[in-house]
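A quick write-up on the structure given underneath.
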Amino acid sequence: MIMESSLTFMFAALLMVFSLFTSPTSGVTQETLASICSQTQNQEICEGILESDPGATSADLLGLSLISINLTMKQGRSNYDTFTKFMDNSTDTALKESFRNCVSLYNSIMEKLKVAYQLSEKKEYKSITQPGESQTLAYNCANGLPVDSPTDGISRDMIITCETSASVNQYIVGVSLK
Ligand SMILES: *[C@@H]1O[C@H](CO)[C@@H](O)[C@H](O)[C@H]1NC(C)=O
Ligand SMILES: *[C@@H]1O[C@H](CO)[C@@H](O)[C@H](O)[C@H]1NC(C)=O
C-alpha cells in the first residue's frame, strides 16, 4: 500500500519535472486578453480583433505583439487601398484633396508600423510607440472627411486596431517592469 502510493507520488513528480521541460511557452490566457482589452475603448471588439488571427490562441505574449502589429498593418493596407480608390474617383476637388490627405497619412502609418514590427522582433517594447501614433494619424484622416463619409467604418476599424496593438505592447512593458 505504502509502496504503491509512493510510486504514484514519484510518477507524479516525474511527470511534473518532465512537463516543466517540455511544455511550450504557454499561450496567452483569456484573463490576459481581457486585461489588455480593458484598456481600450471597446473590450469586445479588441478581443475579437486579436482572436481573429489563427495564431493568436497558441501565441505567447511576445507573439501576440507581432500578431497585433501584423493585424494593424493589414487593416492599414486595406484602408490605404480604399482611400486611394475614393481619391481617384472623387469629382469634388475638396473631397479629392481630403482623400489624398488620408492616402498620405496611411502611407506614414505603414512606415511606422513596419518600424514597430522590427522593434517587436528585437523585443524593444518600450520603443513601440508607433501603433499609438498611427491611431492619431487615422483620426486625422477621418477628421478631414465630411461627417457620414462612406469610409467612417474603416476609419473606426483602423483606430480600434491601432489601439489594440498599442495596448498589447503597453501590457508587455508593464509586465516586464514588475
Ligand atoms: C506577420 O506577417 C508577415 C508577412 O505577412 C508574416 O511573414 C509573419 O509570419 C507574420 N507574423 C506573425 C507573428 O503572424
Ligand atoms: C468610388 O469608389 C468607391 C470604392 O470602390 C465606391 O464605393 C464609391 O461609390 C465610388 N464613388 C464614386 C463617386 O464613384
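Keep in mind that what you see is a predicted model, and the values were worked out from it rather than measured. Residue indices begin at 1 and follow the sequence shown. Scope of the values below: all heavy atoms of this structure, side chains included, with no hydrogens, waters or symmetry mates. In listed order, ligands and their atoms are each counted from 1.
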Would you say Ser65 and Ser120 are linked by a side-chain donor-acceptor pair, where the criterion is simply a distance under 3.5 Å?
yes
Mark yes or no for whether Ser90, through its side chain, and Phe86, through its backbone, hold a donor-acceptor pair below 3.5 Å.
yes
Under the 4.0 Å line, does any protein heavy atom show up next to atom 7 (O) of ligand 1?
no
Rounded to the nearest 0.5 Å, how far apart are CG of Asn79 and CG of Leu105?
12.0 Å
Any protein heavy-atom neighbour for atom 14 (O) of ligand 1 (distance below 4.0 angstrom)?
yes
Say whether Asp53, considering both its backbone and side-chain N or O atoms, lies within less than 3.5 Å of an N or O atom on ligand 1.
no
Enter the distance from Thr164:OG1 to Gln43:CD here, rounded to the nearest 0.5 Å.
10.5 Å
Can you get from Phe99 to Tyr139 by hopping between Ile, Leu, Val, Met, Phe, Trp and Tyr side chains that sit under 4.5 Å apart?
no
Quick test: of every protein heavy atom, which one is nearest to atom 9 (O) of ligand 1, and how far off is it to 0.1 Å?
Tyr117 OH, 4.6 Å
Need the ligand 1 atom indices (1-based, order shown) with element for anything under 4.0 Å from a heavy-atom of Leu66.
13 (C)
If you scan protein heavy atoms around atom 5 (O) of ligand 1, the nearest is Asn70 ND2, 4.7 Å
